[in-house]
Amino acid sequence: MEHNYIADIAEFEGKDVTFHGWVYSKRSSGKIWFLMLRDGTGMTQCVVVKAEVPEDVFEIEPTLTQESSVSVTGTVRKDDRSVGGYELTVKDIIVHQVAEEYPISPKEHGTSFLMDHRHLWLRSKKQHAILGIRNQVIKACRDFFEENGFTLIDTPIFTANACEGTSNLFNVEYFDRTAYLTQSGQLYGEAAAMAFGKIYCFGPTFRAEKSKTRRHLTEFWMIEPEMAYCDLDENMEWAEQLVSFILNRCLERCKDQLETLDRDISKLEAVSLPFPRITYDEAVNILEKNGIDFDYGTDFGGADETIISEQFESPVMIHRWPKEAKAFYLKRDADNDDLALGVDMIAPEGYGEIIGGGQREDDLEILKSRIKEHELPEEEFKWYLDLRRYGSVPHSGFGLGLERTVAWITGIPHIRETIPFPRTLARLEP
RNA sequence: UCCGGAGUAGCUCAAUGGUAGAGCGGGUGGCUGUUAACCACUAGGCUGGGGGUUCGAGUCCCUCCUCCGGAGCCA
């Protein structure tokens, strides 16, 4: 089968071409009808004129339904009346299948209905644009790490231990014992960093949190770099470089998609390096200045993050957190043992936390006592503690939430549209 | 788990306690430049389930279910 794509339509001006696709919509007007053809790479209008095609081709119109699969042959012509500037004067149409009545009409639908039809909703313009941007964000991450000497290390999905407590874990039967679905590749990433220096992992992670908000999924993807001989400040540099790289890539390569989504690009273009860095204490001050009665020592809520992010045009990094608010494996600040060397990056415009990370505790005895304090089973962290026995070094890393990053760049309010098939508290299908 | 909101035609929504309606989508017909086309006609309903109040319930009360938004937790 010959393959030509609508995305390349300009190359075919004046020539005959066949596009294989689906009927997005059609309009009929007696002696002429129009077919909007979608082929996955783009859309173009096909014009069928009664006087210019065989009778049987013209007569196809009433039999076609939305999303019927067709191959359309015709001559590509420049025409300002057509969306995209080009259109196809039809010579022949081959119908592969006449679609049954398509549930998604061009008019409005509720999200619940659309999510029930997610397998079809993917064909819609906006969803197509969002997932196209997701693809570019992933590619940007891989390119960034590749260009900077990082090695991709795949970490396991089945794990025996929890890195941040067991309450949020999905457990699965694993022969005669229980395994958990990973909630982070970090601990394995630390092991790999000691082997390769700079690594990253990229994969799905699972959290059994009963969260019902626009920022949560039970299955989401994380990009987690881990660097040996790296302190908190360098860690923050890597984080801002990565996010800046991703953003610029999207601004360069996803103009069409951002336009389809009506994204206000000026807000994205306003982002500049270096990103602001504030301590946890400074963030609390911002909240208090804005009249929030904040409970010192706790993590920020969604509304708090929005207020903090509104103070800046670029993503803001909050570092040096009260130790109670952060995980056991974070190193403490040498100047204040009550502070953990963690960092969160908050996206602008209220999109919330997109990065969490920090410098890891590299001392064996301190780490052992932390595991004890947190009442975690030391036996399961035996291999992790080995990393502090055999050539321990200062090291840091972070996790970038892919879906939240895509939500911010696309300007989509709900994270569930940034992944092809979202898994939430109430949704396991389709 | 808690707090709010919503379940009516395929979809999005109307309907003082008094005959269940519109737009879109579907069907039929018309139209040679339409862009969510337009015009005419047409089919389509166990008002989420169960119980109650009432002469009479989509509407009021109780209960269950489902979904949406938020909180907590987090990326």
Side-chain angles (χ1 to χ4, degrees), chain A residues 24-36 43-53 58 61-62 65-67 77 79-84 87 89 99-117 121 124-125 163-165 167-169 183-186 204-224 239 243 295 298-305 325-327 342-347 351-357 398-408 413-416 418-419 424-427:
Chain A
Y24 195 76
S25 63
K26 57 166 189 171
R27 290 171 290 278
S28 126
S29 186
K31 305 288 191 295
I32 185 170
W33 58 279
F34 304 90
L35 186 162
M36 191 58 85
M43 273 200 238
T44 194
Q45 175 163 276
C46 308
V47 186
V48 190
V49 183
K50 190 176 173 78
E52 296 174 17
V53 294
F58 191 81
E61 190 273 324
T65 54
Q66 190 184 355
E67 289 302 323
R77 211 162 31 73
D79 195 317
D80 291 339
R81 290 174 294 187
S82 195
V83 177
E87 62 183 25
T89 302
E100 292 177 26
E101 190 182 328
Y102 193 66
I104 302 175
S105 70
K107 285 273 181 165
E108 58 196 314
H109 299 283
T111 45
S112 187
F113 174 81
L114 289 167
M115 274 302 172
D116 285 340
H117 297 85
W121 193 22
S124 300
K125 266 188 216 161
C163 58
E164 297 170 32
S167 59
N168 296 332
L169 289 166
Q183 55 181 186
S184 166
Q186 184 205 315
T205 50
F206 307 87
R207 307 263 169 108
E209 293 157 2
K210 296 202 169 174
S211 308
K212 284 167 62 174
T213 79
R214 68 184 70 204
R215 300 185 307 280
H216 288 89
L217 296 169
T218 53
E219 176 180 319
F220 65 99
W221 288 65
M222 271 211 294
I223 294 119
E224 296 175 275
V243 171
D295 186 13
T298 60
D299 201 351
F300 302 115
D304 302 326
E305 288 177 350
K326 289 289 170 187
V343 56
D344 281 6
M345 186 189 288
I346 314 291
Y351 281 94
E353 185 183 341
I354 54 173
I355 279 179
F398 59 89
L400 173 80
L402 176 66
E403 287 76 17
R404 287 189 185 174
T405 303
V406 175
W408 164 49
H414 204 302
I415 191 176
R416 68 188 155 201
T418 64
I419 186 167
T424 64
L425 195 53
R427 185 167 296 281

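Within every chain, numbering begins at 1; the chains are lettered A, B, ... in the order of the sequence lines, protein sequences first and strands thereafter.
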Problem - Presence of salt bridge, R427(A) and D116(A), under 4.0 angstrom - result: yes
Exercise for the section: Taking atom C1' in both C61(B) and G23(B), compute the distance separating them and give it to the nearest angstrom. Expected result: 34 Å
Exercise for the section: Give one of base, sugar-phosphate or nothing for H117(A), where a contact means two heavy atoms less than 4.0 Å apart. Expected result: nothing
Exercise for the section: Name the nucleic acid region contacted by R416(A), choosing base, sugar-phosphate or nothing; use a 4.0 angstrom heavy-atom cut-off, strictly under. Expected result: sugar-phosphate
Handout entry: Sugar-phosphate, base or nothing in reach of E87(A), heavy atoms under 4.0 Å
Key = base
Handout entry: Spacing between E61(A) atom CD and U32(B) atom C1', to the nearest angstrom
Key = 13 Å
Practice task
Classify the nucleic acid contact of G352(A) as base, sugar-phosphate or nothing, counting any heavy atom under 4.0 Å across all strands shown.
Solution key: nothing
Exercise for the section: Using whole Å, report how far CD of E403(A) lies from P of C74(B). Expected result: 19 Å
Exercise for the section: Could you check whether H109(A) gets within reach of a base, just the sugar-phosphate, or nothing at all, counting any heavy atom under 4.0 Å? Expected result: sugar-phosphate
Problem - Distance in angstrom units between L114(A) CG and C24(B) P, rounded - result: 19 Å
Exercise for the section: Have a look at L400(A) and say if it touches a base, only the backbone sugar-phosphate, or nothing, with a 4.0 Å heavy-atom cut-off. Expected result: nothing
Handout entry: A51(A) vs K26(A), nearer the 5' end of RNA chain B by closest nucleotide
Key = A51(A)
Exercise for the section: Starting at atom CD of E52(A), determine the distance to atom P of G33(B), rounded to an integer number of angstrom. Expected result: 13 Å
Fill in the blank from the handout: d(M345(A) CE, F398(A) CZ) to nearest 0.5 Å is 7.0 Å
Handout entry: Minimum side-chain heavy-atom gap W408(A)-V243(A) below 4.5 Å
Key = yes
Exercise for the section: Using the aromatic ring of F220(A) (for Trp, its six-membered ring), decide whether it stacks on the base of A75(B) within the limits of 5.5 Å and 30°. Expected result: yes
Fill in the blank from the handout: Output field dot_bracket for RNA chain B (Watson-Crick or G-U, both distances under 3.5 Å, | for other-strand pairs) contains (((((((..((((....[..)))).(((((.......))))).....(((((..]....))))))))))))....
Exercise for the section: Taking the side chain as every heavy atom from C-beta outward, state whether I419(A) and F220(A) have any pair of such atoms under 4.5 Å apart. Expected result: no
Exercise for the section: Could you tell me whether the side chain of R404(A) reaches within less than 4.5 Å of the side chain of Y351(A), counting heavy atoms only? Expected result: no
All N/O contacts under 3.5 Å from nucleotides 25-28 of chain B to the protein, with atom names and distances to one decimal?
none

Problem - Comparing A325(A) and R77(A) on RNA chain B - which has the more 5′ nearest nucleotide - result: R77(A)
Problem - Atom P, compared across C3(B) and G10(B): separation rounded to whole Å - result: 34 Å
Handout entry: Distance-only donor-acceptor test (3.5 Å): side chain S28(A), base C31(B)
Key = yes
Problem - Length of the line joining R215(A):CZ and G72(B):C1', which is rounded to integer Å - result: 11 Å
